[in-house]
Amino acid sequence: MFTKRVKARLPWLEHVAEEPSLVEILPSDQEEISVRTRRGSLCLTCRGSRLLCGKSRCPLLIRASKLQKTVKMISGEELNGTSPPGVFVGRFGYPKVRAGPLIPPERGDTSLMDRPEGWLGLPVDQIVSFRVSLIRASFKADVRKPWLAGRLYEETLEAALASRPVDAEAKLSSPPRASLLLDAEVQPMGPLAPVEDIRADAVPWDPGLEKAHYDKDLRASEAVLELYSRGVEVSGIQRAFSVGAFGLSHLRRMVPTRWSITAVDDIISARLREKVKSYDSISEYRIYRLEAYGNRWVVLMMPGVWTYESIEAWYPGTTWNPSGDVAFVGDSEGPLGRTEYASMGGCYYAARLAVAEALARERRQARVIVWREIHRDQLMPLGVWLVRESVRAALRNPPSRFQTLEEALREVGSFLKLPLQFWLRVSDTLFSYRQETLAPYL
């Protein structure tokens with residue numbers, strides 16, 4: 001990565017965007033923006049006009065057009081809007097980070113803007129609009145002692161625990177900074193706005209979150225599990241977890257949002273896994289499928305004790321594989337779980353949560369493989385939520401049932417585009433079958 005300083009106006013956007021005013025995405029022509037890109041990135045060469053990335057639409061221009069609309073709704077150094085509720089905690093500079101509530105420059109029912117449980121099936125443009133509309137009203141905080149930020153932290157905590165959207169006002173130390181990252185692979189993100197003061201309307205807290213917050217003898221992990229058992233949505237638990245709302249009084253810490261998402265997925269799925277292991281095994285082979293946002297998902301369930309594996313195949317021209325051959329990444333675990341963090345990151349734990357939920361509902365255990373193909377028509381990365389909600393949705397569909405593994409694999413091969421032999425070669429779970437039972441497929 002490298003950083004280059006340029007003037008606010010980006011003339012090439014005038015020639016390729018539908019709206020010439022797209023160049024006005026920054027508050028003032030006198031502002032400078034930070035432009036980051038990978039060396040050799042196609043974005044500066046393509047400029048949105050030739051679609052050199054192979055996608056049907058330019059991800060950069062989608063983000064830019066939505067960002068422009070957000071910035072146009074902001075005037076001066078006052079921000080008024082309704083938080084979904086939502087908060088964010090950054091990770092750069094840890095343990096001293098930027099944090100604060102997410103406030104869009106509009107009022108009303110904004111609850112869907114920061115509730116990924118309701119996003120699957122929505123148009124990509126609408127999801128991007130949600131993302132870039134949430135202005136990050138931020139202040140500096142030490143994650144070990146966030147309360148030293150005074151009112152700023154108190155109001156952020158109020159937003160994290162609120163039971164419904166919160167009307168809020170923020171006094172900014174400078175206008176929101178709208179940065180356009182010249183990289184088609186960056187997740188959409190709203191402007192950053194340093195704040196001097198935040199005032200939010202009084203809104204009742206979620207009863208479960210409030211109870212866990214005031215219990216200073218309840219460990220954070222147990223608070224997460226208790227809230228989940230009470231039906232609190234995972235995104236709501238993650239939000240409160242990130243601002244340090246749970247845990248023993250002397251151990252409470254803010255947790256960067258990205259880390260809190262994975263931590264909550266891991267805590268819940270690990271507990272569900274232990275419960276699932278006490279149930280009888282399924283008695284047949286099952287295939288669950290889903291296609292969404294340029295992704296193809298297959299969940300294969302097989303009789304046996306709990307085993308879980310997640311494998312992703314990134315086609316050339318996709319987010320983490322800009323060129324070359326198809327790239328595979330995967331991790332697995334047996335009945336005892338893992339002793340190391342999964343190399344594929346949060347996606348592993350998000351899918352594991354969805355799988356463990358489905359088996360717990362049925363009171364069964366199984367050996368499970370989650371296969372994911374990411375094709376070039378995935379316009380841009382949307383976040384780990386996409387993994388969790390996609391696998392959840394796939395497992396809500398009626399499965400195809402088979403009596404033999406060979407029959408099940410033929411069904412898998414008919415849905416995924418990559419030849420089945422490539423999937424079998426990288427699977428740890430199916431390793432013992434490769435030389436004998438699966439020889440014809442290799």
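Nothing fancy with the numbering, it's 1 onward along the sequence.
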J.: Taking the six-membered ring for Trp, is the centroid-to-centroid distance between F415 and Y288 below 6.0 Å?
T.: no
J.: Quiz question: by atom type and distance under 3.5 Å, do the side chains of S163 and D206 form a donor-acceptor pair?
T.: no
J.: Just wondering, are more than 12 heavy atoms of other shown residues or ligands nearer than 6.0 Å to CZ in R258?
T.: no
J.: Does one side chain, of T429 or E309, offer a donor that lies under 3.5 Å from an acceptor on the other?
T.: yes
J.: Count the heavy atoms belonging to other residues, nucleotides or ligands that lie under 6.0 Å from CZ of R363, then report whether that count exceeds 12.
T.: no
J.: State, with a plain yes or no, whether a side-chain heavy atom of Y228 is found less than 4.5 Å away from one of L272.
T.: yes
J.: Mind checking the CD-OG spacing from E106 to S133? Nearest 0.5 Å is all I need.
T.: 6.0 Å
J.: Go through R338 and D331 one step at a time and tell me if the side-chain contact (heavy atoms from CB on, under 4.5 Å) criterion holds.
T.: CA-CA 10 Å; R338 296 184 59 84; D331 285 288; 3.7 Å; yes
J.: Is there a donor-acceptor pair under 3.5 Å between the side chain of K277 and the backbone N or O of W306?
T.: no
J.: With ring centroids as reference points, do F328 and W371 lie under 6.0 angstrom apart?
T.: no
J.: Examine the side chains of Y153 and E158 and answer whether a donor and an acceptor come within less than 3.5 Å of each other.
T.: no
J.: So, do Y308 and Y348 have ring centers that fall under 6.0 Å from each other?
T.: yes
J.: With a 4.5 Å cut-off on side-chain heavy atoms, are C347 and E312 touching?
T.: yes
